[in-house]
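Here is the structure we will look at.
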Number of protein chains: 2
Amino acid sequence: MAGRLVSVREGGGLVGAQSRQVTLADIAREAGTSASTASRALSGRGYVSPPARDRLLEAAERLGYVPDASARTLKQRTSRVVGVAVSDLGNQFYALLAAGIEQTLREADYQMVLVSDNSDRAQELSFARTFLAMRAAGVIMTPADSAAASLLARNGVDVVEVDRQLAEVPCDAVVIDNEEGGRLATAHLLELGHRRIGLLVADTDWTTDAGRLAGYRSAHAEASVVVDERLILPIVFHAPDAEQRIAALLDEHAPTAIFAANNQLAEHAWKVLRVRGLRLAQDVSLVGFDDVAWTSMVDPGITVVAQPTLELGRRAAHLLLRRIADPGCEPGFECLEPTLVVRGSTAPPTTPLAEHQP
Amino acid sequence: MAGRLVSVREGGGLVGAQSRQVTLADIAREAGTSASTASRALSGRGYVSPPARDRLLEAAERLGYVPDASARTLKQRTSRVVGVAVSDLGNQFYALLAAGIEQTLREADYQMVLVSDNSDRAQELSFARTFLAMRAAGVIMTPADSAAASLLARNGVDVVEVDRQLAEVPCDAVVIDNEEGGRLATAHLLELGHRRIGLLVADTDWTTDAGRLAGYRSAHAEASVVVDERLILPIVFHAPDAEQRIAALLDEHAPTAIFAANNQLAEHAWKVLRVRGLRLAQDVSLVGFDDVAWTSMVDPGITVVAQPTLELGRRAAHLLLRRIADPGCEPGFECLEPTLVVRGSTAPPTTPLAEHQP
DNA sequence: CTGTTAGCGCTTTCAG
DNA sequence: CTGAAAGCGCTAACAG
């Protein structure tokens, strides 16, 4: 093996590929110091005489020294990597969330290992193990189950839940006020005079959807309108029959308005209405959740509950950084407020008899 | 120090946090073998007697053993991490590209470290160093400069360029046929009868934009139409005056159609037209590049050159995996074909004099 | 201020 | 088939 190493070194003249990574020992030798001194000089921790430091830095620069992260991680038992698991990178919401996380992490000189777990419990758990193996400095996740967070916490890895909360262990979390969002959307429709409001909600036990549903109910209660339970339609993610079921809701229960509790469902609802030739606002009002690009570009624009997605990600990262800096601090919890953006897709209901009014 | 370790172990009863990671040595001791045997059993490389293997696997399972990735990386001098750098994670195109990469990497049990470099050369280079430090198994990037790829290649890290090509070293690449895309868009407009076609293109030296411009020119040449150079408008990324400049193009050079060479510019153009009250197709035709969601939802829909974005990402990851498996293979190059999706935003030009014709 | 020493946890010859 | 030994590159006591 020594023979192989040597021959590789001799072949180092090959254009393009350096034969061997340059190590601390190399630059120490070059500068005539020990490896420890080199370590101190380059990491900036501990005393090093200015002349020695200069020689070391110069040598490092000249030889193109890049410290080996795995050696450092092995020694320090923690890395500069943060594991991030989201449900679906293909969905603009999660992509933007990840962008916010990455931005903040980058500013603090941490790297993001990003995975998309498809809300699959088994995958989520498997990623937790991977993050454990990497000695991640922390993990930020949109949880689909509590097992991953438990496993991580048990092994001393800090977890931040974002968008949803499911953990059975105490941990930092940042969410938006889903109940308020649901209330804003529903109250807006009720104020316009709607009494039969269809609710399209994800069929999960997530706090997001539970919250939006709760807001839908409380808005009704505040307006003293009783909810027709048949107007509430839980739809499984990526269900192939989502649009058919929405159409059936329209046919069978005659809502005058629809509140779609996430961007995916809003898109489905919008398409169903278009295919059926139903006019937004005039025939059926529509409120979406999450202000994605298309909602402001279609005509009429879609009234939506906007959430500060990028900021959600940033806050999650900040929470994690705070905990890394101060491991003993109390679990942080942040709840960001959504806002209602009224556009042309909502209007007072038109009764069939009043169709010819202006 | 030994004392500290022991006391920590004794404190291991603390709910929630395990005192110390369980190591190979622990499970070897538990199973009554040496660490080497344990390593062989768990990694599946090398001979281990079935009974020993069983005991080892059982012990690993029971103690919740998670191998330390950094120790393995340090020893093997390469990790299961792939560095991915894209220009702007907030842009749906790059997000989808990343999603495709992640999906393929995940299937092969590699992790994606994702960074958004804002097309900033300095950041790109800094990330290259980070990936080097992590002993990344490879790097996939949408390059903004050639320096990063050179640095990585020089240090023996495989690079795949995706979407654009800038490297000065031979490396794998997967792009779409930008010239063909530009030609498709432009020929479509020329066939409709347009003779003054404005081109909105990013002001970069990227092969994407150069290709789309070349396609614009060659379509003109094939139709024997001479290009009025004043119709070509290079726009810097995130330029605050992008929409003003597009408006000025409209005013000063009276194009009857616009070809926006990326999704960002298409959105700008669409907004300018809307604000000015210009009707798509009737007053000005518009062709975009990249079939993002809103283009099929607005009315009329936008005619676009669609690119297989997710597939682009998948291919890039496959190219990298191929190279990891066979480091000596010839640099791979794949060029995916874009397709023209005709929607309502394009129609024959209306001359001012013919405004009243049906 | 600096060098010596001793590992972090894993893999890999190599000898048994 | 198995264990002993060495070492990946770095850092952190500790003694000088």
Side-chain angles (χ1 to χ4, degrees), chain A residues 1-5 8 18-56 60 63-80 132-135 155-156, chain B residues 1-5 8 18-56 60 63-80 132-135 155-156:
Chain A
M1 174 164 160
R4 181 135 57 87
L5 249 181
V8 171
Q18 216 159 277
S19 51
R20 198 179 59 96
Q21 285 298 330
V22 0
T23 75
L24 249 197
D26 294 328
I27 80 142
R29 190 180 331 109
E30 199 78 8
T33 75
S34 73
S36 343
T37 305
S39 173
R40 275 177 235 129
L42 297 183
S43 70
R45 275 188 291 269
Y47 300 107
V48 180
S49 72
R53 152 169 291 120
D54 290 347
R55 266 178 298 139
L56 256 351
L63 301 189
Y65 170 69
V66 178
D68 185 311
S70 53
R72 185 174 287 174
T73 299
L74 181 58
K75 180 71 192 176
Q76 306 191 142
R77 325 184 58 131
T78 181
S79 69
R80 305 236 15 129
L132 225 47
M134 300 175 93
R135 298 290 180 265
N155 287 81
Chain B
M1 172 158 163
R4 178 135 62 85
L5 251 180
V8 171
Q18 218 160 275
S19 53
R20 199 180 59 96
Q21 285 298 330
V22 359
T23 75
L24 249 197
D26 293 328
I27 82 142
R29 190 179 332 108
E30 200 77 9
T33 76
S34 73
S36 339
T37 304
S39 171
R40 274 176 236 129
L42 298 182
S43 70
R45 275 187 291 270
Y47 300 107
V48 180
S49 71
R53 152 170 293 120
D54 290 347
R55 268 179 295 137
L56 256 351
L63 302 189
Y65 171 68
V66 178
D68 185 311
S70 52
R72 186 174 284 175
T73 299
L74 181 59
K75 181 72 193 175
Q76 305 190 142
R77 325 185 57 131
T78 181
S79 69
R80 309 267 325 159
L132 224 46
M134 301 175 92
R135 297 292 180 263
N155 286 81

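The sequence lines fix the lettering, A, B, ..., with proteins before strands; numbering per chain opens at 1.
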Original post:
Whole-Å distance between C:dT11 P and B:R135 CZ?
Top reply: 18 Å
**OP:** Quantify the bending of the helix from C:dC1-D:dG16 to C:dG16-D:dC1 as the angle between its end axes, each fitted on five pairs, to 10°.
**Re:** 40°
Original post:
In whole Å, what is the span from the NZ atom of A:K75 to the C1' atom of C:dA6?
Top reply: 7 Å
Original post:
Can you tell me how far the CG atom of B:D68 sits from the NZ atom of B:K75, to the nearest 0.5 Å?
Top reply: 14.5 Å
Subject >> Gap between atoms CZ and P, on A:R45 and D:dC14 respectively (whole Å) >> reply: 17 Å
Subject >> Spatial distance of atom CD (A:Q21) from atom CZ (B:R135) [nearest 0.5 Å] >> reply: 4.0 Å
Subject >> Nearest-0.5 Å distance, CZ of residue B:R45 to OG of residue B:S39 >> reply: 7.5 Å
**OP:** Answer yes or no: is there a donor N or O on one side and an acceptor on the other, between the side chain of A:D54 and the main chain of A:P51, under 3.5 Å?
**Re:** no
Original post:
How far does CD of B:E30 sit from CZ of B:R55, to the nearest 0.5 angstrom?
Top reply: 11.5 Å
**OP:** Using only side-chain N and O atoms of B:Q21, determine if any of them is under 4.0 Å from OP1 or OP2 of C:dC8.
**Re:** no
**OP:** Identify the two heavy atoms, one from A:A41 and one from A:V48, that lie closest to each other, and give their separation to 0.1 Å.
**Re:** N-CG2, 3.6 Å
Subject >> Reported CG-to-CD1 distance for the pair B:L56 and B:I27, which is rounded to 0.5 angstrom >> reply: 4.5 Å
Original post:
For A:A38 and A:L24, which heavy atoms make the closest approach, and how far apart are they?
Top reply: CB-CD2, 3.5 Å
**OP:** Give, ordered by number, those residues of residues 67-74 of chain B having at least one heavy-atom distance below 4.0 Å to an atom of DNA chain D; if nothing qualifies, reply none.
**Re:** B:L74
Subject >> Test side-chain contact (heavy atoms from CB on, under 4.5 Å) applied to A:N155 and B:V66, step by step >> reply: CA-CA 10 Å; A:N155 287 81; B:V66 178; 5.6 Å; no
**OP:** Assign B:S39 to base, sugar-phosphate, or nothing according to its heavy-atom contacts below 4.0 angstrom with the strands shown.
**Re:** base
**OP:** Write down the atom of A:Y65, the atom of A:L42, and the distance for their closest heavy-atom approach.
**Re:** CE2-CD1, 3.5 Å
**OP:** Starting at OG of B:S70, measure out to CZ of A:R77 and round the result to the nearest 0.5 Å.
**Re:** 9.5 Å
Original post:
Quick one: is D:dG9 close enough that its OP1 or OP2 comes under 4.0 Å of any side-chain N or O from B:R77?
Top reply: yes
Collect all protein-nucleotide pairs involving nucleotides 2-4 of chain C in which both atoms are nitrogen or oxygen and the distance is under 3.5 Å.
unit_1 : atom_1 : unit_2 : atom_2 : d
C:dT2  : OP1    : A:S49  : OG     : 2.6
C:dT2  : OP2    : A:S49  : N      : 2.6
C:dG3  : OP2    : A:S34  : N      : 3.0
C:dG3  : OP2    : A:S34  : OG     : 3.3
C:dG3  : OP2    : A:T37  : OG1    : 2.8
C:dG3  : N7     : A:R40  : NH2    : 3.1
C:dG3  : O6     : A:R40  : NH2    : 2.7
C:dT4  : O4     : A:S36  : OG     : 2.9

**OP:** Provide, to the nearest angstrom, the distance between the CG atom belonging to A:D26 and the C1' atom belonging to D:dC8.
**Re:** 13 Å
